Amino acid sequence: MTVAPILRLENFCKNFALHEQDKVIPSSAQVNLSVYPGRLTALIGPTGSGKSSVLNGIYRTYLTSSGRILYRCAAGEEIDLARADDHDILALRRSEIGFVTQFLHFLPRQKTEDVVAQPLYQQGVDKEEARARARATLEALNLPRRLWSLSPTTFSGGEKQRVNLARGLTARPRLLLLDEPTASLDPRTCQRVVAQIKSLKKANIAMLAIFHQMDLVKQLADEVVELSPAAEGVMGGQP
Ligand SMILES: Nc1ncnc2c1ncn2[C@@H]1O[C@H](COP(=O)(O)OP(=O)(O)O)[C@@H](O)[C@H]1O
Ligand SMILES: [Mg+2]
């Protein structure tokens with residue numbers, strides 16, 4: 001059985017222009033990859049090889065320098081996320097594409113369970129139902145119950161990371177982007193995350209993920225794409 005990809009990157013490139021220094025910093029160079037429903041594509045490569053820039057390009061936190069990001073929407077049409085208008089991107093973020101970033105900034109005074117349920121509120125899910133789903137994920141990721149009614153602003157790194165992940169996992173988007181979601185978690189909690197990701201695969205969710213630990217790549221990846229470090233100065237202005 002051949003499954004059609006939900007996302008295809010064709011020659012994706014990202015450079016950062018430092019105008020004041022008249023320099024261009026190459027980040028991701030000529031990235032080609034596909035992501036499929038119910039499967040996980042892992043992005044690997046050394047620090048600075050442009051892995052996070054790929055995810056930011058897809059989510060449009062960064063503008064793409066060149067190449068195409070072809071995403072097949074729930075409605076069936078294919079759109080190029082590199083060129084789609086902001087309005088369409090915001091709509092997709094609300095309903096179809098989730099991103100667990102490396103660092104999430106929490107609003108002060110917002111309860112953890114509301115932080116986690118927020119994407120569901122935005123999708124119009126009933127508040128009680130959304131909170132129940134948020135609590136189930138927090139439980140699955142082993143975040144102590146006494147923290148659920150507090151704001152994550154003062155939590156430890158590992159606790160914050162669990163809240164951030166719980167938010168992405170609870171939303172159950174069609175495409176989930178994960179940027180080192182387990183970097184500050186202990187091995188037992190990592191295994192709980194593995195179980196959650198496996199259950200998302202069963203729910204036919206497509207994932208593109210960067211993992212700090214290679215054993216997680218081995219356990220979870222159906223496809224592995226390796227980025228090489230961008231060649232220093234290749235895109236540069238003056239030497
Ligand atoms: N916002 C930015 N402004 C300037 N340079 C950036 C920015 N984000 C990333 N870079 C540069 O792009 C390169 C790739 O970064 P990144 O995508 O974070 O790589 P990785 O996730 O593989 O470590 C690095 O050289 C980094 O310094
Ligand atoms: Mg990174």
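Because the structure is a prediction, the values reported are computed rather than measured. Just so you know, ligand 1 is whichever comes first in the structure, and atom 1 is the first atom listed for that ligand.
In terms of protein heavy-atom proximity, atom 17 (O) of ligand 1 is closest to S53 OG, 2.6 Å. Atom 18 (O) of ligand 1 has as its closest protein heavy atom S52 CB, 3.7 Å. Taking atom 19 (O) of ligand 1 as the reference point, the nearest protein heavy-atom neighbour is G50 N, 3.2 Å. The nearest protein atom to atom 12 (O) of ligand 1, hydrogens excluded, is given as S27 OG, 3.2 Å; this is a heavy-atom distance. Scanning the protein heavy atoms around atom 4 (C) of ligand 1, the nearest turns out to be F16 CG, 3.5 Å.
Residue contacts with ligand 1: T47 is placed with no nitrogen or oxygen under 3.5 Å of a nitrogen or oxygen of the ligand (distance criterion only).
For atom 9 (C) of ligand 1, the nearest protein heavy atom lies under 4.0 Å away. By the definition of a contact as any protein heavy atom under 4.0 Å away, atom 23 (O) of ligand 1 is in contact.
A cation-pi arrangement is not found for K160 relative to F106, the charged atom failing to lie both closer than 6.0 Å to the ring centre and inside a 45° cone about the ring normal. Relative to the six-membered ring of F16, K14 meets both conditions, a distance below 6.0 Å and an angle of at most 45° to the axis.
Scanning all heavy atoms of the two residues, the minimum distance from Q110 to Q118 falls at NE2-OE1, 3.0 Å. Here the shortest heavy-atom pairing between A171 and P119 reads CB-CB, 3.7 Å. Of all heavy-atom pairs spanning Y59 and I97, the tightest one is CE1-O, 3.7 Å.
With respect to R39 and E223, a salt bridge is recorded, a charged nitrogen being found less than 4.0 Å from a carboxylate O. Electrostatic pairing of E128 and R131 counts as a salt bridge here, judged by a charged N lying under 4.0 Å from a carboxylate O.
Each of S49, S53, S65 was checked for a side chain to side chain donor-acceptor pair (under 3.5 Å) with S27, and the lone residue meeting it is S53.
Between G48 and ligand 1 there is a heavy-atom distance shorter than 4.0 Å.
Near P46, with a cut-off below 4.0 Å to any heavy atom, the atoms of ligand 1 are 22 (O).
Contacts of S28 with ligand 1, taken as heavy-atom pairs under 4.0 Å, are absent altogether.
Distances from the Mg ion (ligand 2) show that T47 has no N/O/S atom below 2.8 Å.
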